[in-house]
Amino acid sequence: MKTYDYIAIGGGSAGIASANRAAEYGAKALIIEEEAVGGTCVNVGCVPKKISWIAATTKHTIDTYSSEMGLDAEVKQVDYQTLKKNRDAYIDRVHHSYFSGFESRGTAFVSGHATFVDNHTIEVNGETYTAPHIAIVAGGRPFLPDDIEGIELAETSNDFFQWETLPQRVVIVGAGYVGTELAGVLNHLGVEVTMVVRDAEVLTSFDQDFRERMGEQLRQSGIQVATQHTVKAIRQNDDHTLTVMYREGGEVTADRVIMAVGRIPNTDRLGLENTDVLLDKRGFVKVDDYFHTSVEGVYAFGDIIGRTQLTPVAIKAGRTLSDTLFNGQPPFKMNDDVIPTVMFTEPPIGKIGLTEAQAIDRYGNDQVKVYKNTFTAMQTALGDHREPVLMKLITQGADEKIVGLWAMGVGVDEMIQGFAVAIQMGATKADFDRTVAIHPTGSEELVTMR
């Protein structure tokens, strides 16, 4: 049996961040990963998605705004194979950088499937490993519902990044982060997109104003949005196209179907039945506020715990846990109320904190004041294709502490990180008002709202 100080079961963002930090403090650290290093984010998530989004938005900008700016530019075709080749090459460079980082820090890496033998013993490739500190960070995978006839004909976001060519028509089932982002990317790359949405609106976890605005934007961009529809069956036609049939009646035909209806944890593959680690009813690992499981010395964070499923959250949790375990720093408690995030749609949406409805529910209607503004993005203001920007501040109490910041428009993906620092520090509306604006920018609207 091989002994380590710290073992991370999973070589995604969570495992890499925590094991490398442990190794930097002198701990003997091991990462176990059965698939490509980097996990969901690097291989089939935020990294290839962002590259695809950049390509799509570049094409959209040239197609829509170049003539208005007096630029003689045209995208004659999309060479998707070149985009994929260069995207894959970039990811390969990221893989190499990870292994260079492991070598420089002394972090061990084992490729293989990890299975718990008992609370602190793990088997991989016939070898056993143990450590007083073990992190379960094996992530999750796209969910495929088993009540849809022909579900085996559908694909997931994981499959999307393996496509060598673009289809003419795609149906995307689901309207959360993944579904909405992929719909925008494919639409701007020239694919006919239909979104099948179970609810009355897209992005049901978002602030109401932004749900409505994004629904409008999707439709204006040419995406068909079938709200309050669910899929009954998927059937393959003689010409190899696929027909999606709705439970409510009606159907739509496409070349490919992507299911984007949520993710499930990889807890069913780890031998956790051989341990005392507790799971919730959805199969996610139960943890306390400091990512401790029901077993002393066993931790879990990242997608496998079912909380905020964002790469930076997993990285923060992993590094701060190692800070505590191997450098004597006090335990870190994540404040989920001030986590910033961006959805890479067209235009992007950035958010920090609560929705208006959440703030009212928590503090009461008389304790919440909302500031909101809409205007046209300067990048789109020269012609007829004007793109609106929507910004919103949600404040609480007499001192108007900011508990929610929402923005949708060109450039918001790069503007809200600094506002997240301010909100983390307890900024009020008066603090924003005292800040000198940078003109002419979109971000100035957040410090000049009345």
Side-chain angles (χ1 to χ4, degrees), residues 1-23 25 27-37 39-40 107-143 262-309 313-326 331-334:
M1 182 181 295
K2 297 182 179 180
T3 301
Y4 287 84
D5 299 315
Y6 183 79
I7 297 175
I9 302 175
S13 300
I16 291 170
S18 60
N20 277 346
R21 180 62 60 88
Y25 292 133
K28 187 179 178 183
L30 168 67
I31 296 171
I32 303 169
E33 173 58 58
E34 64 177 318
E35 297 181 355
V37 67
T40 296
T107 307
F109 182 89
V110 170
S111 178
H113 179 76
T115 304
F116 276 94
V117 177
D118 58 39
N119 283 338
H120 281 274
T121 306
I122 300 160
E123 182 178 4
V124 187
N125 302 330
E127 295 271 1
T128 53
Y129 301 83
T130 187
H133 303 288
I134 298 175
I136 305 171
V137 284
R141 61 189 186 274
F143 170 66
R263 295 176 63 83
I264 57 175
N266 288 327
T267 47
D268 57 335
R269 304 174 174 182
L270 300 175
L272 290 173
E273 65 274 9
N274 301 320
T275 73
D276 298 310
V277 173
L278 297 179
L279 308 180
D280 67 17
K281 62 183 179 181
R282 300 176 299 161
F284 292 99
V285 179
K286 285 186 175 183
V287 294
D288 64 12
D289 289 339
Y290 303 98
F291 308 106
H292 294 219
T293 72
S294 52
V295 175
E296 184 176 357
V298 178
Y299 318 91
F301 42 95
D303 290 357
I304 207 161
I305 66 172
R307 293 185 183 176
T308 306
Q309 298 187 9
V313 173
I315 290 172
K316 186 70 172 179
R319 287 176 176 166
T320 52
L321 176 65
S322 289
D323 290 340
T324 300
L325 296 178
F326 303 107
F332 174 81
K333 184 177 179 180
M334 189 81 67

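Keep in mind that this is a model prediction, so the values were computed, not measured. Throughout, residue positions are numbered sequentially from 1 according to the sequence presented.
The distance from atom CG of L321 to atom CZ of R21, rounded to the nearest 0.5 Å, is 11.0 Å. Atom CD1 of I304 and atom CG of L272 lie 7.0 Å apart (nearest 0.5 Å). In this structure, CG on L30 lies 9.0 Å from CD1 on I9, to the nearest 0.5 angstrom. The structure places NZ of K286 at 6.0 Å from CG of L278, a figure rounded to the nearest 0.5 Å. Rounded to the nearest 0.5 Å, atoms CZ (R141) and CD (E35) are 10.0 Å apart. For the atom pair OG1 of T308 and NZ of K316, the computed distance is 14.5 Å after rounding to the nearest 0.5 Å.
No donor-acceptor pair under 3.5 Å is formed between the side chain of S322 and the backbone N or O of R319. No side-chain donor-acceptor contact under 3.5 Å links T275 to the backbone of G271. D303 contributes no side-chain N or O that, together with a main-chain N or O of G140, makes up a donor-acceptor pair within less than 3.5 Å. Panel note: side chain T293, backbone V277; no donor-acceptor pair is recorded below 3.5 Å. At least one donor-acceptor pair closer than 3.5 Å links the side chain of D280 to the backbone N or O of R282.
Heavy-atom minimum distance, A19 versus A8: CB-CB, 4.4 Å. For G112 against I32, the heavy-atom pair with the smallest separation is O-CG2, 3.6 Å. Nearest approach of Y4 to P132, heavy atoms of both residues: O-CD, 3.2 Å. Scanning both residues, I122 and A114, for their nearest heavy atoms gives CG2-CB, 3.7 Å. Considering every non-hydrogen atom in both V285 and A300, the closest pair reads CG1-CB, 3.7 Å. Contact between F116 and N274 at its shortest, heavy atoms only, is O-ND2, 2.9 Å.
Annotation: K28, atom NZ; neighbour count of heavy atoms from other residues, nucleotides and ligands within 6.0 Å is above 12.
When side chains are defined from C-beta on, R307 does not count as touching V313, because their heavy atoms never get closer than 4.5 Å. Taking 4.5 Å as the limit, some side-chain heavy atom of H292 sits within range of a side-chain heavy atom of Y299.
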Chi angles and distances behind the side chain to side chain contact (heavy atoms under 4.5 Å, CB included) call for D323, F332: CA-CA 9 Å; D323 290 340; F332 174 81; over 6 Å; no

Working for side chain to side chain contact (heavy atoms under 4.5 Å, CB included), residues T267 and F284: CA-CA 7 Å; T267 47; F284 292 99; over 6 Å; no

Y129 and V124: CA distance, side-chain angles, deciding distance, side chain to side chain contact (heavy atoms under 4.5 Å, CB included) verdict: CA-CA 8 Å; Y129 301 83; V124 187; 3.9 Å; yes

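Listed by first and then second residue, the side chain to side chain donor-acceptor pair (under 3.5 Å) pairs that reach into residues 107-121 are N20-T107, E34-H113, D118-T121, N119-D276, sequence neighbours excluded.
For the ring pair (Phe, Tyr, Trp, His ring centres under 6.0 Å) criterion with H133, the lone passing option out of Y25, F291, Y6, F326 is F326.
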